[in-house]
Asks: 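Sharing a structure here in structure tokens format.
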Amino acid sequence: MTFQSILDEIKNNLNKVLSEMSLFDIDFSVEPAKPGFGDVSSNVSYLLAKQLKKNPAQIAQLISEGYNKTQHTLVLKSEAHSSGYLNFFANWDRLCQLILSESHLDTFGFVELGKQSPIVVEHTSVNPNKALHIGHIRNIIIGDTVSRILRKADYKVNVLNYIDDSGLQVADIIVGFTHFGFDQEPPNDKKFDHYCGDDVYVKTTQKYEEDFSLEEIRKNVLKELENGSSETAKFADIITRKVLANQLETCWNLSVTYDCLNFESQIIRSGLWSKIFEKLKEMKLVEFENDGKNAGCWVIRGDGKEEDKVIVRSNGTATYIAKDIPYAAWKLGLLDDPFHYEKYPIEQPNDQKLWQTTLNDSGSTEHDFTGQKVITVIDSRQARLQKIITDLMTKFKSVPDTYVHLGYESVTLSSDTAKTLGLETEGKQTQMSGRKGLYVSADSVYDLLKEKTIQETAKRNPDMRSEDIETVAHNVAVGTIRYEMIKYDLDKIITFDLTKSLSLEGDTAPYIQYTHARASRILEKSGRSTSIDVDFSLLIEKSELDLVKTIGLFGISVKDSANNLSPKVIARYCYDLAVSFNSFYEHNKVLGIENKKLEDARLCLVNSFKLTIERSLDLLGIATPDRM
RNA sequence: GGGCCCAUAGCUCAGCAUGGAUAGAGUGUUGGACUUCUAAUCCAAUGGUCAAGGGAUCGAAGCCCUUUGGGCCCGCCA
């Protein structure tokens, strides 16, 4: 926590100064200063204005004088600003040394928040009946990025993907295959998940609208799916696993990986529901309705103005939300684990092992994928249902904030993009719909970006081998998608536009990746390995010190981001870091300058930057090409 | 009818949690910088009644209340 050192020093010293003035327990701020106001600022004098009956500027003057008498190593001096702020100027010789040497350690940016406690992050959880679209991608990238950040914050993260393989959407494509004559082989090399989503699913649901009598078939298939031993269920298992494999391919391609796949069909067959139902009845969290509109149902009472929620229908079957309750309790480790675990048949591209639940105990391994805390990434349209689950879990495990619904706004299509898909929206953005075939698939966006990047990279690097161009283009395409999905606040709607979202300039991943390529090139051309045994006092230019400062803020950003489950904080940090480097790059020459000691110091700085941008972009799952 | 979210520059967004200095980026438009460590870059200009109104405060883009505009959710569907 490098820059934190100077903040800590100032905080301690300020407290000393205050206690000499017989002032205690003042909750003042000490934070990195705005440009032009020194290096660190504190609002302490504002907070004392009333108590001391003096204006803030006078108080700042007083404290500043006191401060300059204290022992300080990282601060050169403090200064009272006429506004009342107290500004501090850093001892950059020492701070450079501290920040730059620490940034060379593998642990740089690591913060001890989680203390290795297990935490569950569930994301993706897409019905296995279609290809992933750009809306799913927001969920997936948020989940994956949060997982990476929590790992950096010392949590033991278990990443889960819930496979809803027995719901209505799956039933729909099964009906398509078994009743409407869709071939099991997709036409001309189409990916199977795209075929199921674009053709089978869309056209099958269309038929329902034309002929309501088909509803009967659909209901029967759904019923057969829940009974695991039926032929329909076995057939559905084959189909959904094929789709799932394709979906995972898309995820892996975007550098997203998991620890365990949980299948809904197995949760249903495990009998977890009846156990949790008994518990709910015992704890009086559900009540049986004798009359009224929900007569014959078991309901959860809504608090205040909320409506009661039916969880068991009058025919005895569980509703959608009810299926989520045992899973939520399982994730928190509140139930005896009925599952065994086996390796997923396909390996993930990184070293991470992928497991899947099974009810078959022959030769399988025991694992614990539960967590003391659980984070479920689902879009905010489900907020109401998630609140019911969260409330229940809080009653089961009486520790607050252990079950968190991490909600986010949806991705919509711009009017122009909707038009290219054949929908006229009169200039308005529009929600995507899998059922109507109104979506932009993740694979197609990736392909478009990759093609664009291949051309750009080939143009810039005529001597580059085509497989290297391919790799660069892959990394840039993935980076662009991931950055676009993470840089906005979670509660901002992202309007996806096929043209505008493919930009590679400005506040984008390629901009940041490009700074890494620049840094790599300098280090490569220097022809030697960098040392941290250099004269840091030679780094005096504003753009040099700004870069050092930004590097030093990495840990603070990680902490902020992890505490608030706010992945965009890291995206902003990466961007700020890249801007600092570009400014340094434009204003200072590193190689071929007369002062060799300065060259050494700058090389050290470039290397620190390179390591830090690699680590911070890695938190976003974005790779850092050496050339591009 | 009830609930959740959003509103800051022409456009897309930071800043709001934890009130304090001169409200910042990108993009767009206009001009400038490649014989130099890669111009996916940089520099400059342009652009703001922080939706409106009220309140508490020495002090509000930020906190509280109201209103307006926009999005979403409220089934014995999933």
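Residue numbering restarts at 1 for every chain, and letters A, B, ... go by the order of the sequence lines.
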Asks: Below 4.0 angstrom, N of the basic side chain to O of the carboxylate: do A:Glu209 and A:Lys436 qualify?
Replies: no

Asks: Going by purine N1 to pyrimidine N3 plus the second Watson-Crick contact, or the G-U wobble pair, all under 3.5 Å, which nucleotide sits opposite B:C77?
Replies: none

Asks: Closest to the A:Glu306 side chain: B:C42, B:A78, B:G3?
Replies: B:G3

Asks: Need the pair for B:A21. Rule: Watson-Crick or G-U wobble, both distances under 3.5 Å, any strand; none if unpaired.
Replies: none

Asks: Report yes or no: is the cationic atom of A:Arg518 (NZ for Lys, CZ for Arg) under 6.0 Å from the centre of the six-membered ring of A:Phe581, at an angle within 45° of the ring normal?
Replies: no

Asks: Between B:A14, B:A39, B:C37, which nucleotide gets closest to the side-chain atoms of A:Leu591?
Replies: B:C37

Asks: Please tell me which of the listed nucleotides, B:U57, B:C73, B:U27, lies nearest to the side chain of A:Glu505?
Replies: B:U27

Asks: Answer yes if the ring centres of A:Tyr162 and A:Tyr327 are under 6.0 angstrom apart, and no otherwise.
Replies: yes

Asks: Indicate, yes or no, whether a donor-acceptor pair under 3.5 Å links the base of B:A21 to the side chain of A:Ser41.
Replies: yes

Asks: Could you check whether A:Glu544 pairs with A:Lys549 (Lys NZ or Arg NE/NH1/NH2 to Asp/Glu carboxylate O, under 4.0 Å)?
Replies: no

Asks: Which nucleotide wins on minimum distance to the side chain of A:Tyr320, given the candidates B:A78, B:U41, B:G2?
Replies: B:A78

Asks: Whole angstroms only, please: what is the OH-P distance between A:Tyr85 and B:A21?
Replies: 6 Å

Asks: Taking the side chain of A:Asp560 as heavy atoms from C-beta outward, which of B:A21, B:A17, B:A78 is closest to it?
Replies: B:A17

Asks: Counting only Watson-Crick pairs (N1-N3 plus N6-O4 or O6-N4) and G-U wobbles (N1-O2, O6-N3), all under 3.5 Å, who is the partner of B:C4?
Replies: B:G71

Asks: Under 4.0 angstrom, heavy atoms only, what part of the nucleic acid is A:Lys525 near: base, sugar-phosphate, or nothing?
Replies: sugar-phosphate

Asks: Do A:Asp507 side-chain and B:A25 base share a donor-acceptor contact under 3.5 Å?
Replies: no

Asks: Please classify the glycosidic conformation of B:C72 as syn (within 90° of 0) or anti (everything else).
Replies: anti

Asks: Using 4.0 Å as the upper bound for N to carboxylate O, is an ion pair formed by A:Lys542 and A:Asp546?
Replies: yes

Asks: Looking only at N and O atoms, is any donor in the side chain of A:Ser314 or the base of B:C76 less than 3.5 Å from an acceptor on the other one?
Replies: yes

Asks: Who is the Watson-Crick or G-U wobble partner of B:U46, with both distances under 3.5 Å?
Replies: B:G28

